Amino acid sequence: MSTAAASRSYPRYDPVHLVGVVMHVGDEGCVVDCDGRAWRCVRAASCLLAPAVGDTVLVSGPDSSRVFLIAVIAQADPAAARIELPGDVVIAAPDGDLTLESGGRTQLNGRTRVQVQAAAFGLQAADADCRVERMRYAGAEVKGSVGMLRLAGKVCETAVDRLVQLSRNVFRITEESEHVRARVLDSQASQSARLHAPYTVVTGEELVKVDASQIHVG
């Protein structure tokens, strides 16, 4: 048995394990300078931090034809880091919470779409700025509570089965014309009602009725 093991031929390796500096980064891999020799290598799947020119990296492989960049040891610019992965990426915490935190600005960029899906969604901020070219909303109910509401636009259209408004004071100015079309129009004031214009016309096809304890004309 020992004779069979001794007669077996094993592959001969010349392993590579060096520290160098990134000289070039391209689509096909990186060029790393190690003690004056340029090594062409691809980034290993376990190396999530994308290397940049000037970074000190660790390259390793079984032989000179199979060399991989396995780690970024020191960055040339520690203030800027990029985690880059090919293909679809999922960051999951099946049994815990997931938190993204930054000391400055946190930004999400999607070339085609950014989607948020959850059983509940909460947003809290001291100041918010929302700029959307076109927006569609569909839901069962909307409730809002604000101290002041200001809306400015060219056209406002509302289509509902029932509209209820409650307020202490209403002040409305229409510069040109206002038209109301209703099957039944009922206006009632608890104290006084006034309708005034340079020209006032009250017409009825069948009946016009004025009823009061006193009626003054003229």
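A quick note: this is a predicted structure, and the numbers were derived from the prediction, not measured.
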inquiry  = Under 4.5 Å between side-chain heavy atoms, counting indirect links through other Ile/Leu/Val/Met/Phe/Trp/Tyr residues: same cluster for Val42 and Val22 or not?
reply    = no
query = So, do Ile70 and Val59 sit near enough that their side-chain heavy atoms are less than 4.5 Å apart?
reply = no
query = Any donor and acceptor pair, going by atom type alone, linking the side chain of Asp77 with main-chain N or O of Ala79 inside 3.5 Å?
reply = yes
key: Atom of Ser102, atom of Thr106 and distance for their closest heavy-atom approach   = OG-OG1, 2.6 Å
Taking every non-hydrogen atom, the tightest pair across Ala76 and Val53 = CB-O, 3.9 Å
remark   = d(Arg134 CZ, Arg136 CZ) to nearest 0.5 Å is 8.0 Å
key: In one Ile/Leu/Val/Met/Phe/Trp/Tyr side-chain cluster, 4.5 Å: Val21, Leu69   = no
ask   = So does Asp35 pair up with Arg37, basic N to acidic O under 4.0 Å?
value = no
ask   = Same cluster for Val146 and Leu151 if Ile/Leu/Val/Met/Phe/Trp/Tyr side chains link at under 4.5 Å?
value = yes
inquiry  = Can you tell me if Glu28 has over 12 outside heavy atoms packed within less than 6.0 Å of its CD?
reply    = no
ask   = Within the side chain of Glu84, is there an N or O that forms a donor-acceptor pair under 3.5 Å with the backbone of Leu49?
value = no
query = Do Asn109 and Gln107 have side-chain atoms, one donor and one acceptor, less than 3.5 Å apart?
reply = yes
ask   = Cluster question for you: counting only ILVMFWY and a side-chain heavy-atom cut-off of under 4.5 Å, with indirect links fine, are Leu207 and Val202 together?
value = no
ask   = Take atom CZ in Phe171; do more than 12 heavy atoms of anything else shown fall under 6.0 Å from it?
value = no
request  = Supply the atom-to-atom distance Leu85 CG to Ile91 CD1, rounded to the nearest 0.5 angstrom.
outcome  = 8.0 Å
Partner set under side-chain hydrogen bond (donor to acceptor under 3.5 Å, both in side chains) for Glu176, not counting sequence neighbours = none
key: Pairwise distance CD(Glu178) to CD1(Ile173) - rounded to 0.5 angstrom   = 12.0 Å
task = Measure the CD1-CD distance between Ile73 and Gln75 for me, rounded to the nearest 0.5 Å.
result = 12.0 Å
ask   = Side-chain heavy atoms under 4.5 angstrom apart, residues restricted to Ile, Leu, Val, Met, Phe, Trp, Tyr: same cluster for Phe68 and Val25?
value = no
query = Looking at NE2 of His24 and CG of Asp33, how far apart are the two atoms once the value is rounded to the nearest 0.5 Å?
reply = 14.0 Å
remark   = Residues Ala193 and Ala189: closest non-hydrogen pair is CB-CB, 4.2 Å
